[in-house]
Amino acid sequence: MGTLEEQMKALSVQHQPLRRGRTPHDELTASVAEIQVLPSQKASNDSQSAENTGSELALPEDILFHVHTLMPMRDAARAACVSRVFLNSWRCYPRLTLDTETLGIHLDTDEEEEKIESDFVSRVDHIMQNHSGNGLKKVKIRTHPCRNLHPSNVDRCLQIAISPGIEEFELQIYRRRNMEYDFPSSLLTTARGSSIRSFVLTYCAFHSTMTVGCLSSLARVYLRCVHITGDELYCFLSNCPALEQLDLSNCSDMIFLKIPHLLIQLNLLWVQHCHKLQMIEANAPKLRDFNYTGMPIHISLGDSSQVRVIEMHCEHESRMIYFARTKLPSIAPNLQILHLSSCNEVSVVSGKQLRCSQNLTLLRKLHLVLIVLLWNMVHK
């Protein structure tokens with residue numbers, strides 16, 4: 001008998017000298033294999049019992065399942081190789097990180113790129129084929145340094161990765177030479193995607209957003225180097241009523257960014273290096289933090305009385321200081337903190353002048369960075 005805490009302590013591996021002819025991995029395998037299983041029971045004093053039989057520790061199956069979910073992914077996979085109970089638990093393991101480091105693929109060798117890609121695909125397929133998709137909460141797929149993975153390999157993985165109950169999803173596709181991966185938005189149905197809270201995409205295309213269902217739990221979206229138009233993004237965001245944070249970086253296909261009125265929980269908006277962008281319209285009543293990097297464009301934050309923090313950073317000679325003096329009072333009249341950077345701009349204004357002359361009376365912190373390009377000065 002004993003409490004759950006005492007039984008968990010009994011599972012901890014004590015440091016002991018290795019037996020002759022055995023490796024640390026052998027010792028770990030042996031310790032896992034020596035755990036016996038008691039039938040899972042209903043809630044009672046007996047359901048938290050543990051029995052010692054010689055050198056073997058017997059625990060209820062539900063406790064072992066819980067222990068397995070707490071292991072790092074590589075350790076959990078190793079345990080599943082030597083224990084039928086842990087193998088069953090692996091089929092519902094909640095956190096999958098699929099990258100070369102976690103999969104044990106060494107990059108500091110002279111192996112050809114094709115061999116690395118082949119190993120990556122083989123190991124990912126093996127993991128996903130042995131996972132039911134049930135219980136999956138967090139999935140991170142990072143394909144670096146595999147440049148030329150065929151889209152079908154990624155699609156096959158996503159069929160399991162995006163399962164009902166998933167909460168955090170991240171897909172980082174490494175740059176491809178002659179092939180662009182188009183994320184299958186049809187996977188984001190209401191049944192599959194309603195539980196997602198965090199959604200991250202990099203280096204791929206995201207079209208056909210008309211097929212996206214209601215992502216009622218989605219709170220954070222991060223898109224980097226994603227090919228998506230303003231219309232497609234608006235359609236996608238219209239299905240995310242609980243969105244709180246939107247971060248867009250290097251999305252070069254967008255000409256305009258329009259935030260749907262229904263995003264009443266949105267409090268953070270970051271837009272960086274979207275070079276074709278000409279307009280931002282965001283009528284989000286709880287928006288407090290706005291970060292923009294690029295050339296001065298038309299920006300409207302609607303009822304922006306809640307906006308307190310703005311960061312604006314230049315690209316090339318963008319006259320960002322002049323933009324702040326002339327436009328920010330109408331964009332964010334209750335602004336309190338302003339981070340501003342500009343390149344080769346000679347019109348400099350102090351924080352006091354900015355507050356008094358332009359009606360930013362609540363401004364209490366101004367962080368100003370002036371970048372001077374000596375190469376330009378010499379040639380001018």
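Both backbone and side-chain heavy atoms feed into the values below; hydrogens, waters and symmetry mates do not.
- For R156 and D125, the salt-bridge test passes: some basic side-chain N is under 4.0 Å from an acidic carboxylate O.
- Between the side chain of S330 and the backbone N or O of K327, at least one donor-acceptor pair lies under 3.5 Å.
- Minimum heavy-atom separation, S342 to I321: CB-CG1, 3.8 Å.
- Taking the six-membered ring where tryptophan is involved, the planes of H367 and H339 are perpendicular, since the angle between them exceeds 60° and thus also 30°.
- In this structure, S132 contributes its side chain and R91 its backbone to a donor-acceptor pair below 3.5 Å.
- At a cut-off of 3.5 Å, with distance as the only test, no side-chain donor of Q172 or H144 sits close to an acceptor on the other residue.
- Taking both residues in full, the closest heavy atoms of R192 and L187 are given as CD-O, 3.1 Å, listed atom of the first, atom of the second, then distance.
- Taking the charged nitrogens against the carboxylate oxygens, R220 and E168 have no contact shorter than 4.0 Å, which rules out a salt bridge.
- With hydrogens and angles ignored, the 3.5 Å screen pairs no side-chain donor or acceptor of R197 with any backbone N or O of E167.
- Panel note: side chain Q129, backbone H126; no donor-acceptor pair is recorded below 3.5 Å.
- Judged by distance alone, the side chains of D253 and H227 do bring a donor and an acceptor atom under 3.5 Å apart.
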Please evaluate residues Q278 and H298 with respect to the criterion side-chain hydrogen bond (donor to acceptor under 3.5 Å, both in side chains), reporting the C-alpha separation (whole Å), side-chain torsions for both, the decisive distance (0.1 Å), and the verdict.
CA-CA 7 Å; Q278 299 177 8; H298 172 75; over 6 Å; no

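- At least one side-chain heavy atom of H275 sits less than 4.5 Å from a side-chain heavy atom of H273.
- Taking the six-membered ring for Trp and thresholds of 30 and 60 degrees, F236 and F199 have ring planes inclined between 30 and 60 degrees apart.
- Side-chain atoms of D119 and S122 include no donor-acceptor pair closer than 3.5 Å.
- E311 and H313 share a donor-acceptor pair across their side chains, judged by distance under 3.5 Å alone.
- Distance alone, capped at 3.5 Å, is enough to place a donor-acceptor pair between the S341 side chain and the C314 backbone.
- The backbone N or O of S194 sits less than 3.5 Å from a side-chain atom of S217, completing a donor-acceptor pair.
- With 3.5 Å as the limit, one finds a donor-acceptor pair spanning the side chains of S185 and T211.
- Judged by distance alone, with hydrogens and angles left aside, the side-chain atoms of Y234 form no donor-acceptor pair with the main-chain N or O of P260 at under 3.5 Å.
- Proximity of a side-chain donor or acceptor of R224 to a complementary backbone N or O of D247 within less than 3.5 Å is not detected.
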